[in-house]
Amino acid sequence: MIQIEENINLKPFNTFGIAVNARYFSKVSTAEELLELTQTPEFKNEKHLILGGGSNILFKSDFDGLIIKTELKGIEVIDESDEVVIIKVQSGELWHDLVLHCVNRQWGGIENLSLIPGTAGASPIQNIGAYGVELKDVLKEVEGIDLTTGEKLTFTNSECAFGYRDSIFKHQLKEKIFISSITLSLTKKNHLFNTSYGAIADTLKAMNVHEVSIQSISDAVIQIRKNKLPDPSQLGNAGSFFKNPVISFTHYQSLQKTFSTIPGYHSVNQEVKVPAGWLIEQCGWKGKRINHVGVHAHQALVIVNYDNATGEEIFDLAQQIISSVKQKFYITLTPEVNII
Ligand code: FAD
Ligand code: EPU
């Protein structure tokens with residue numbers, strides 16, 4: 001029978017390390033357990049939140065409802081040819097363990113996404129991305145359970161409406177679907193290596209790699225990330241706190257007149273993506289600490305919990321960053337982190 005615990009401290013369950021309590025907390029290991037949970041009074045009468053690894057969440061206060069922690073496990077090959085392998089991954093598998101599983105078998109496609117914390121089930125929510133690759137490049141389909149009807153649903157890649165740190169699961173289907181598994185299509189030969197992101201090429205060179213491979217890209221990405229991003233087990237954080245803003249080309253050109261070195265990456269529709277880390281650094285926040293919270297010294301886009309901070313303290317710092325960036329650049333930063 002499904003277990004529901006009461007008054008659970010969520011500190012070990014979120015990478016910011018915020019000590020808030022959940023009124024109810026339940027771990028689900030199978031789709032059947034989830035369906036059983038949806039029939040309980042705790043599910044029916046309370047608000048609920050699905051939790052993976054808690055690496056993209058900020059709890060501002062106690063959660064007065066039911067936390068559903070996904071623990072579904074399993075990686076299964078469901079189809080294979082000489083060229084490709086199709087794998088189905090249960091939502092509670094850790095993303096980085098999955099990457100290593102694939103790198104060890106020489107399956108190509110997700111090596112650039114090495115060392116991203118959290119679970120496979122959360123990966124489609126914001127279409128995780130790093131170093132020139134996004135989940136959408138390899139995802140075939142998502143399986144989920146409608147939390148209202150208990151119906152099993154399948155979403156194809158295009159039905160997920162993926163965008164930059166975006167998908168249908170953040171909009172029309174927000175909090176409506178429990179993602180139970182993802183299916184990925186990976187290469188067994190003719191790999192499409194992506195080393196275009198500057199730091200990868202430089203790191204491979206520094207590592208003396210002459211022939212690029214799935215393993216060497218993964219190793220390079222791990223090295224880059226370890227140098228820049230704080231390890232949540234040492235210093236609480238949730239990766240990039242904000243998304244990189246996309247502004248109009250006209251706005252970008254007018255900013256260039258005052259800030260000649262402003263970086264920008266051209267995207268479609270006459271728009272430019274500006275690195276939020278640069279904007280935040282220009283406002284003087286990089287490495288700054290206010291009591292228990294601060295802005296990471298190596299990456300201004302990362303807010304850190306130095307020492308038992310509350311969610312409110314992190315949120316307040318984020319608000320101060322938003323206002324100073326708005327004042328200086330007329331750009332409103334949007335959080336990437338889910339604020340609860
Ligand atoms: P959680 O934080 O537990 O949940 C995130 C959201 O997904 C919540 O809204 C939750 O309700 C929902 N959710 C979780 N699981 C399910 C499910 N099974 N069904 C339905 N909804 C669900 N992200 C990147 O994209 N690229 C990076 O390079 C990157 N680097 C990071 C580095 C660090 C050090 C950290 C701490 C975070 C980083 N992140 C990065 C952010 C984070 O790792 C990803 O967003 C990750 O996918 C979150 O997974 P999670 O299991 O921890 O999700
Ligand atoms: N920059 C600065 N100062 C800083 C940080 C960055 O000036 O303190 C500028 C530099 O110009 C640098 C540029 O920003 O060249 C880009 O920096 P970086 O390569 O570190 O990437 P990012 O844009 O800050 C994004 C993702 C990361 C992902 C990396 C690598 C977002 C919001 N963040 O960061 O994802 O790992 O690229 O692809 O898109 C996450 O989502 O949690 C995350 C860590």
Side-chain angles (χ1 to χ4, degrees), residues 1-30 33-73 91-95 117-122 125-126 145 147-148 169-170 174-180 230-242 289-294 302-320 335-340:
M1 223 179 76
I2 190 88
Q3 299 287 314
I4 302 178
E5 297 172 89
E6 282 184 52
N7 295 323
I8 293 298
N9 185 345
L10 294 179
K11 187 168 176 162
F13 299 106
N14 70 97
T15 61
F16 260 128
I18 305 294
V20 288
N21 277 351
R23 179 138 177 241
Y24 299 109
F25 183 91
S26 184
K27 291 180 181 169
V28 293
S29 305
T30 60
E33 281 186 3
L34 178 79
L35 291 175
E36 190 189 333
L37 186 65
T38 60
Q39 298 311 308
T40 61
E42 288 84 353
F43 181 88
K44 287 184 172 164
N45 303 335
E46 310 289 339
K47 62 176 181 177
H48 56 260
L49 175 77
I50 300 166
L51 191 62
S55 63
N56 209 18
I57 274 190
L58 175 66
F59 288 104
K60 274 172 74 189
S61 55
D62 287 341
F63 188 75
D64 190 21
L66 170 67
I67 297 279
I68 306 170
K69 171 104 176 69
T70 167
E71 303 254 304
L72 279 70
K73 298 284 182 189
S91 60
E93 287 290 339
L94 291 182
W95 176 264
T119 55
I125 305 280
Q126 70 161 12
I145 297 168
L147 288 167
T148 323
F169 306 106
K170 290 179 90 172
K174 192 174 161 68
E175 285 159 23
K176 291 192 167 64
I177 305 289
F178 174 92
I179 293 176
S180 48
D231 175 353
S233 69
Q234 311 291 319
L235 192 58
N237 76 92
S240 302
F241 195 92
F242 303 101
R289 177 173 176 167
I290 303 175
N291 301 319
H292 310 289
V293 296
V302 178
I303 297 185
V304 295
N305 172 6
Y306 280 110
D307 172 25
N308 292 321
T310 62
E312 280 292 351
E313 284 175 292
I314 301 223
F315 184 76
D316 285 350
L317 174 58
Q319 295 309 307
Q320 289 183 54
E336 173 191 300
V337 170
N338 298 279
I339 296 164
I340 308 293

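Remark: Gln3 CD is loosely packed, at most 12 non-hydrogen atoms of other residues, nucleotides or ligands lying under 6.0 Å away. Within 6.0 Å of atom NZ in Lys170, more than 12 heavy atoms from other residues, nucleotides or ligands are found, so the atom counts as buried in its surroundings.
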After noting the C-alpha distance and the side-chain angles of Ile50 and Ile179, does the key distance pass the side chain to side chain contact (heavy atoms under 4.5 Å, CB included) rule?
CA-CA 9 Å; Ile50 300 166; Ile179 293 176; over 6 Å; no
Residue pair Leu58, Ile303: steps toward the side chain to side chain contact (heavy atoms under 4.5 Å, CB included) verdict:
CA-CA 11 Å; Leu58 175 66; Ile303 297 185; over 6 Å; no
Please test Phe241 against Ile314 for side chain to side chain contact (heavy atoms under 4.5 Å, CB included), starting from the C-alpha separation and ending with a verdict.
CA-CA 10 Å; Phe241 195 92; Ile314 301 223; 3.9 Å; yes
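Considering only residues two or more places apart in sequence or on other chains, Lys69 meets the salt bridge (charged side-chain N to carboxylate O under 4.0 Å, His left out) condition with Glu71. The side chain to side chain donor-acceptor pair (under 3.5 Å) search around Ser26 returns none, not counting sequence neighbours. Residues satisfying the ring pair (Phe, Tyr, Trp, His ring centres under 6.0 Å) criterion with Phe59, sequence neighbours excluded, are absent altogether. Contacts of Phe13 classified as ring pair (Phe, Tyr, Trp, His ring centres under 6.0 Å), with partners at least two apart in sequence or in another chain: Phe25. Applying the side chain to side chain contact (heavy atoms under 4.5 Å, CB included) criterion to Asp316, with sequence neighbours excluded, gives Glu312. Residues passing the ring pair (Phe, Tyr, Trp, His ring centres under 6.0 Å) test with Phe242, sequence neighbours excluded: none. Pro232 meets the side chain to side chain contact (heavy atoms under 4.5 Å, CB included) test with Thr15, Asn237; sequence neighbours excluded. With sequence neighbours left out, the side chain to side chain contact (heavy atoms under 4.5 Å, CB included) criterion links Lys176 to no other residue. Under the rule for a side chain to side chain donor-acceptor pair (under 3.5 Å), Thr119 has no partner lying at least two apart in sequence or in another chain. For Asn308, the side chain to side chain contact (heavy atoms under 4.5 Å, CB included) partners at least two apart in sequence or on another chain are Lys11.
The line from NZ of Lys27 to CD1 of Ile68 is 14.5 Å long, rounded to the nearest 0.5 Å. Taken to the nearest 0.5 Å, the CG atom of Leu147 stands 8.0 Å off from the CZ atom of Phe178. Between atom CD1 of residue Ile4 and atom CG of residue Leu66 there is a gap of 6.0 Å, rounded to the nearest 0.5 Å.
Among all heavy-atom pairs drawn from Val337 and Ser240, the shortest one is CG2-O, 3.8 Å. Listed here is the closest heavy atom pair of Ser91 and Thr70: OG-OG1, 2.8 Å. Among all heavy-atom pairs drawn from Asn9 and Pro12, the shortest one is O-CD, 3.4 Å. Annotation for Ala22 and Ile67: closest pair CB-CG1, 3.6 Å, computed over non-hydrogen atoms.
Sorted by first and then second residue, the pairs that involve residues 47-59 and meet side-chain hydrogen bond (donor to acceptor under 3.5 Å, both in side chains), not counting sequence neighbours, are Asn56-Gln126.
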Hey, can you pull the donor-acceptor pairs under 3.5 Å for the side chains in residues 34-46, sequence neighbours left out?
{"from": "Glu36", "atom 1": "OE2", "to": "Ile2", "atom 2": "N", "distance (Å)": "2.9"}
{"from": "Thr38", "atom 1": "OG1", "to": "Leu35", "atom 2": "O", "distance (Å)": "2.6"}
{"from": "Thr40", "atom 1": "OG1", "to": "Leu37", "atom 2": "O", "distance (Å)": "2.6"}
{"from": "Thr40", "atom 1": "OG1", "to": "Phe43", "atom 2": "N", "distance (Å)": "3.3"}
{"from": "Asn45", "atom 1": "ND2", "to": "Pro41", "atom 2": "O", "distance (Å)": "3.3"}
{"from": "Glu46", "atom 1": "OE1", "to": "Arg23", "atom 2": "NH1", "distance (Å)": "3.4"}

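The shortest side-chain heavy-atom distance between Glu6 and Tyr24 falls under the 4.5 Å cut-off. Here the side chains of Leu51 and Phe63 are not in contact, with every heavy-atom distance at 4.5 Å or above.
In terms of modelled atom types and a separation under 3.5 Å, the side chain of Glu313 and the main chain of Ala309 share no donor-acceptor contact. Asp62 places a side-chain N or O within donor-acceptor distance of the main-chain N or O of Asn21, the cut-off being under 3.5 Å.
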